[in-house]
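Only one structure is covered here, and it is reproduced in the block below.
As the structure is a prediction and not an experimental result, all values here were calculated from the model.
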Amino acid sequence: MLRVGDPLDSVYWPRCYGVPPPPRKQIKQREDHVLGILPRATSPQCSQSMCDDRWEPRHLARRASLVWDGEECGGDGSARWLVKVQWLLRLVSSMPDRNHNDGYNTSDTFSENGSDDEEDQRRSVASGMAVSAASSVSNGGVPSSGGVSRSRKSRSAMSIGGVEELGLESDHPDLSSPANSITSINSISSLLKEKLAMSLPAMLKRHRKPEYKLRGFVAFLFLCIVFLVGFAHVYYNQQVLQRAYFDLIRLNHIERVLRVYNDEGAELLRGELGRFLRDSDKVYSCLSQHERKGMYCMEWMGRARLYLKYEEQSKTPDECSKPPCVEYRCYHTEWVALADDVYPTDCFDLTAVGGAEAHWYGGGHSAGMHWPLEKGRVTWAPFLTGDSVRRDHQWGNVLKRFFISSKGVAITVDPLTPLHVSANQYNDRELCLQARYDDFAFVRPTPATPAKLNYSLCTVSTGNMKDLHQHLSEKSLWDGLKESDVETVNTLLTEPVWQIAPSEADLLTEQAILNYTEDVISLGFFRQGHILVNEFWQANVGDMAMDASRFPSMKETIEIVHRRGFRIAFTLQPFIGTESINFREAVRRKLLVGTRIPKSGSGGGAEYVPALSRYRSLLSAATLDVTNKRMAPWLKEMVEDLQAKYDMDCFFLDLGVAYDLPYHYKFQGPLTNPDHFMTAFTELVQSSVKVLGVSSAIARPRAPTFVTLPAVPSTWKGLQSVIPTILTYGIIGYPFIMPGAVGGDYDEEVSNRHDDSTSLRSTNFELQEVVRLADIELYVRWMQLATFLPVRRYTTLPNKYGSELILESARSLTSLRQKTVNPLFKKYVREALDSGLPLVRPLWMLDPLDPSCRLMADEFSIGEELIVAPVLQSGSTEREVYLPAGVWKDGIDGSLRKGSRWIHMYKVPLDKIAFFVKMPDNTRF
């Protein structure tokens, strides 16, 4: 019995099959047959007589949905009834929609979703017409008009009788009538279309198993593709775009990232070249007319041109038993700006390089004076001498364009480069170099002169910065030295310098000098040494003559000083006050630095106007033009006459700093930057007389000339800045250093309250009015430190305090200096003259690979045999001490201590200083 609304699964299976119904898993295959997916074919073996009842309407639905290939009619494939059903369904789909007013709606009976009655009725009517037409065709006739009325009767009978089910064999006449068959076919066709359209997607979705393995494989494949793309990008940028222009150096010319490596492949230096270039600037190869022999050339159109050159120094065949035989490598880099608004700039990493920490040293005294360099902060500024202690200058009085890293790489900048430098300006741990012209520091020589940044990167195969420093240090300082010069050096190292600097010129007299020497002798334990007289020996600065009113018999006074065992030195400056007797003569002969002014008139000549500035106590002063060939003989004549007349031993040159020059200065001859005038003036004076020391320098003066430290305040902070400054000066190539006065050079509080501060901004010697006695503890600790420095300089004598502690400390420290320290200085002065190595050295020169030695800013060594660890904190009687590798003898208690370790809370009483003497390596406890 086939009931209305029964699912297709429960439809009666035709008896002619002779087999059980197929399993549910083949529903999809049967539905595909119904939809006409399988090819239409007719089996010749399947005949009408084999199964006459299979085309009855009551079995058509089941047969249409349950196509059983190979089971019906002998198992020969698709049966003929499949062809008829397919034709029937195609006919129904192609017929136009028509509205039937028979009142029969199959949506309630066969539709699974009865929300849209009109649509269901439309499909039902259309299906009924199509099936009726198909039935008529199959019987060989044309569909009659009576089919509709019979269908109405059938549906009417069903509705009136309330028939709930359809019997397969019924006695009711309406149910067995042709109209009833047409109605059944109509219902079946509607069922087929709706059931397949609505249940098939859900059935497919319900029976589809999640393909987790496929999804996982796709995800894994996607991740692999992402990784490969990222790796290719990184490799392309780091390897393909990076070109090994020379041995062990790579440059990515797109991102302009430079990397320098050692022989083992470890990264020594990383920098970014061309920081000034835009992202849109493209790099090209240089034209042939711009190329240089032995150099690579790249050009950024209209912006800048870059040249790279490589040099190396190899070991001799006897020294090189196995590779690597290349000992030192230098990579020369030069930027040439192609526009006036282009400032070539390169920056280098100061800290982490290749995963390891690096430390940098050099340059000179900087603002805050930190050791190493990356611990401080230097903002963009011209690399010129200045007063970084009391003025708003970034660099101090002694400079050199040299920086060295603990990784064994050094940067040396060409002296002709208009150099600006910043270090850790934005706490970015970068050292940046820039070539830039301006109106004061570096004046463009001609409008067509391009800005050039020229520097060299040098490395050593061992990666040892001590070896690299020795290689780059200036050698053979003996050249041109006389025996008297060597004697002067030894005298300065073994005897004190006594500085006489009264607050006013009237206080400096012959008697004041004699009294000072008597006070030194009365102490009884000091050696005489040099007497240093400030600029007040002249009536006006620049007179180059003794003030006759205060020094009427200066020659006899100097003779007395000599008989007492002292040597005497007088201070000279390259400045002339406007009240000096030589000012008018210098102006008339155009021997002074002029002012840059525009050309006047049509004659084309530039007017000469002396440029004036303020210098120390001078409210108005001019500067001698060292580039003027007529000035040199004029100055030399006066200095030589002065020395011969008074039998002076030597001179001290107080050169000031670059910022003491007038802003719009103009030298007659070529001058790269204002600092070069100091070098020229020093060489000029040295060619005539002996020079004891200079207050400023950008190049090492010829021995026996010492360079001095900048003036420091009489505070604990001033004391703490002494060691980093001395170590820095030694690293950049100044082995002979003269520290400031014991106890400090000036009183910071008085100096800050001084209204006319400009006149007090000298690099070294301040007026005595801003100097007062330091407290006793500070003076004692300062005196202890000075005992181990190359030169001991005093302004305030120890007996001025009236303290027995100070006198006793001075006596014991003088004995220590003579017995222990002086022999070491005499020994290492010869090494300094041979190799250029400093006398006072950082601890990393003893053990360059020790990380602790690289950071020590409050300890130092004399040569390689003595370590000094002074107390630099107020009220402290203990400190932390670090000893490098080796065996060291304690200078306080005489005990032996192993190196490569810290000594915590080491006791240092006020009358003691911690120092340690190196013992032989085979020393046993």
When every non-hydrogen atom of Phe788 is compared with those of Val840, the smallest separation belongs to O-CG2, 4.4 Å

request  = May I ask you to check whether Thr385 and Asp675 show a side-chain donor-acceptor distance below 3.5 Å?
outcome  = yes

Of all heavy-atom pairs linking Trp634 and Glu585, the shortest is NE1-CG, 4.2 Å

* Asked: Taking side chain as C-beta onward, heavy atoms only, is Arg700 less than 4.5 Å from Phe736?
  -> no

message: Looking at Trp537 and Thr571, would you say the former's side chain and the latter's main chain have a donor-acceptor pair under 3.5 Å?
response: yes

query: Are Asp485 and Lys482 ion-paired here, with the side-chain N under 4.0 Å from a carboxylate O?
result: no

Hey, is the main chain of Gly693 close enough, under 3.5 Å, to the side chain of Thr705 for a donor-acceptor pair? no

Test: Arg781 and Asp775 ion pair at under 4.0 Å:
no

Does the side chain of Gln784 pick up a donor-acceptor pair with the side chain of Ser809 at under 3.5 Å? no

Rounded to the nearest 0.5 Å, the OG1 atom of Thr725 sits from the CE atom of Met369 at a distance of 5.0 Å

Is the side chain of Arg792 donor-acceptor paired with the backbone N or O of Thr494 at a distance under 3.5 Å, no angle test? yes

**Asked** Gln499 and Ile531: side-chain contact (heavy atoms from CB on, under 4.5 Å), yes or no, with the steps?
**Response** CA-CA 6 Å; Gln499 178 182 327; Ile531 299 292; over 6 Å; no

### Query
More than 12 non-hydrogen atoms from neighbouring residues, nucleotides or ligands closer than 6.0 Å to CD on Glu579, yes or no?
no

Atom CD of Glu518 with >12 non-hydrogen neighbours under 6.0 angstrom: yes

TODO: Output yes when Arg550 and Glu510 qualify as a salt bridge under the 4.0 Å nitrogen-oxygen rule, no when they do not.
DONE: no

So do Leu653 and Phe681 actually touch side chain to side chain, heavy atoms under 4.5 Å? yes

| Test item: side-chain donor near acceptor, Ser366 and Gln394, under 3.5 Å | no

The residue among Phe860, Tyr729, Tyr361 that forms ring-ring contact (aromatic ring centres under 6.0 Å, His included) with Trp371 is Tyr361

Residue set satisfying side chain to side chain donor-acceptor pair (under 3.5 Å) with Lys690, at least two apart, ordered chain then number -> Thr488

Legend entry - Heavy-atom check, side chain of Pro502 versus side chain of Asn534, under 4.5 Å: yes

Nearest heavy-atom contact between Leu824 and Ile862 is CB-CG2, 4.0 Å

Donor-acceptor pair, side chain of Asp387 and main chain of Asn397, under 3.5 angstrom
no

Answer yes when Glu535 and Arg616 have at least one side-chain N-carboxylate O distance shorter than 4.0 Å, and no when they do not. yes

Would Leu508 and Val533 satisfy side-chain contact (heavy atoms from CB on, under 4.5 Å), going step by step from the backbone distance to the final call?
CA-CA 9 Å; Leu508 182 61; Val533 182; 3.5 Å; yes

* Whether Thr509 side chain and Ala512 backbone form a donor-acceptor pair below 3.5 Å -> yes

Here the gap from Leu655 atom CG to Gln573 atom CD, rounded to the nearest 0.5 Å, amounts to 9.0 Å

Would Phe677 and Thr627 satisfy side-chain contact (heavy atoms from CB on, under 4.5 Å), going step by step from the backbone distance to the final call? CA-CA 8 Å; Phe677 93 94; Thr627 65; over 6 Å; no

Are His562 and Glu559 side-chain neighbours, meaning at least one heavy-atom pair lies under 4.5 Å? no

Legend entry - Backbone of Asp660 reached by a side-chain donor or acceptor of Ser613 within 3.5 Å: yes

query = Without hydrogens or angle criteria, can the side chains of Arg564 and Thr517 be said to hold a donor-acceptor pair below 3.5 Å?
reply = yes

Review point. Is any side-chain heavy atom of Pro838 closer than 4.5 Å to a side-chain heavy atom of His469?
Key: yes

Between Tyr663 and Tyr665, does the ring centroid distance fall short of 6.0 Å? no

Closest non-hydrogen contact found for Lys645 with Lys555 is O-CD, 3.4 Å

pair Phe383-Lys400: side-chain heavy atoms closer than 4.5 Å:
no

d(Thr814 OG1, Arg527 CZ) to nearest 0.5 Å is 11.0 Å

Rounded to the nearest 0.5 Å, the OG1 atom of Thr578 sits from the CG atom of Leu619 at a distance of 8.5 Å

| field | side-chain contact (heavy atoms from CB on, under 4.5 Å) assessment of Thr623 paired with Leu592 | value | CA-CA 6 Å; Thr623 308; Leu592 304 177; over 6 Å; no

(request) Compute the ring centroids of Tyr646 and Phe551, then answer whether they are less than 6.0 Å apart. (result) no

Next item on the list: Compare all side-chain heavy atoms of Met638 with those of Asn582 and state whether any distance is below 4.5 angstrom.
Entry: yes

Q: Using atom types as modelled and distance alone, determine if a side-chain donor or acceptor of Thr820 lies under 3.5 Å from a backbone N or O of Arg817.
A: no

_Between Lys590 and Asp625, does any NZ, NE, NH1 or NH2 come within less than 4.0 Å of an OD or OE carboxylate oxygen?_
no

* Asked: Are Tyr659 and His393 close enough that their ring centres sit under 6.0 Å apart?
  -> yes

Given side chains that start at C-beta, do those of Ser861 and Leu866 come closer than 4.5 Å, heavy atoms only? no

| Any donor-acceptor pair under 3.5 Å linking the side chain of Ser687 with the backbone of Leu684? | yes

Is a donor from one side chain sitting under 3.5 angstrom from an acceptor on the other, for Asp654 and Tyr615? yes

So CG of Leu692 and CE of Met738: to nearest 0.5 Å the spacing works out to 4.5 Å

### Check: Trp498 side chain, Gln528 main-chain N or O, donor-acceptor pair, under 3.5 Å
yes

Discussion item. Under a 3.5 Å threshold, yes or no: a donor from one side chain and an acceptor from the other, between Gln511 and Asn515?
Written reply: yes

Notebook entry, point to check: Do Lys827 and Glu831 sit within salt-bridge range, that is, some charged N less than 4.0 Å from a carboxylate O?
Noted result: no

Basic-acidic side-chain contact under 4.0 Å: Arg567, Glu495: yes

Is a donor from one side chain sitting under 3.5 angstrom from an acceptor on the other, for Ser580 and Asp543?
yes

Residues Val742 and Ala786: closest non-hydrogen pair is CG2-CB, 3.8 Å

Tell me whether Gln538 contacts the main-chain N or O of Gly542 through its side chain, where contact means a donor paired with an acceptor under 3.5 Å. yes

Looking only at heavy atoms, the pair that brings Ala857 and Ile723 closest together is O-CG2, 3.5 Å

| Can Tyr828 and Glu864 be counted as having a side-chain donor-acceptor contact under 3.5 angstrom? | no

*Centroid-centroid distance, Phe570 to Phe652, less than 6.0 Å*: no

Here the gap from Leu839 atom CG to Ile737 atom CD1, rounded to the nearest 0.5 Å, amounts to 8.0 Å

